[in-house]
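What follows is a single structure, written as structure tokens, with notes after it.
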Amino acid sequence: MLRTQVYLTAAESQGLSSLAKATGKKQSELIRAAIDRHLAISQAEVKRTALAQCAGLWKNRTDLPDFGEIRKGLDHSSTET
């Protein structure tokens, strides 16, 4: 692990201290858990944003094959076997 220094407001410090006492966990454990949760949420938001930006990317393209017809052909051929 890497050591780092973080400045907290008086209210944050008091809240963290109270939570540590109540849960029996070290303040550093609570801080790492909070950072992990924040990173997971942020990464999920980045993925959702990227997917939203891709929505409709192929809309109105005329140079692509008719995927509906391709799918029908695949569905038909798979029922014959």
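The structure places CG of Leu16 at 6.0 Å from CG of Leu30, a figure rounded to the nearest 0.5 Å. Between the CG atom of Leu57 and the CG atom of Leu51 there is a distance of 11.5 Å, given to the nearest 0.5 Å. Note that NE2 of His38 is 10.0 Å distant from CD of Gln43, once rounded to the nearest 0.5 Å. The structure places CD1 of Ile35 at 8.0 Å from OG1 of Thr4, a figure rounded to the nearest 0.5 Å. The distance from atom CD of Glu69 to atom CZ of Arg71, rounded to the nearest 0.5 Å, is 13.0 Å.
Residues Val6 and Ile31 share a hydrophobic cluster, clusters being chains of Ile/Leu/Val/Met/Phe/Trp/Tyr side chains in contact below 4.5 Å.
Counting all heavy atoms, side chain and backbone alike, Glu12 lies closest to Thr9 at OE1-N, 2.8 Å.
Of the possible polar contacts, one joining the Ser18 side chain to the Gln14 backbone as a donor-acceptor pair under 3.5 Å is found.
If you check the side chains of Gln53 and Thr49, you find no donor sitting under 3.5 Å from an acceptor.
Listed by first and then second residue, the side chain to side chain donor-acceptor pair (under 3.5 Å) pairs that reach into residues 19-29 come to none, sequence neighbours excluded.
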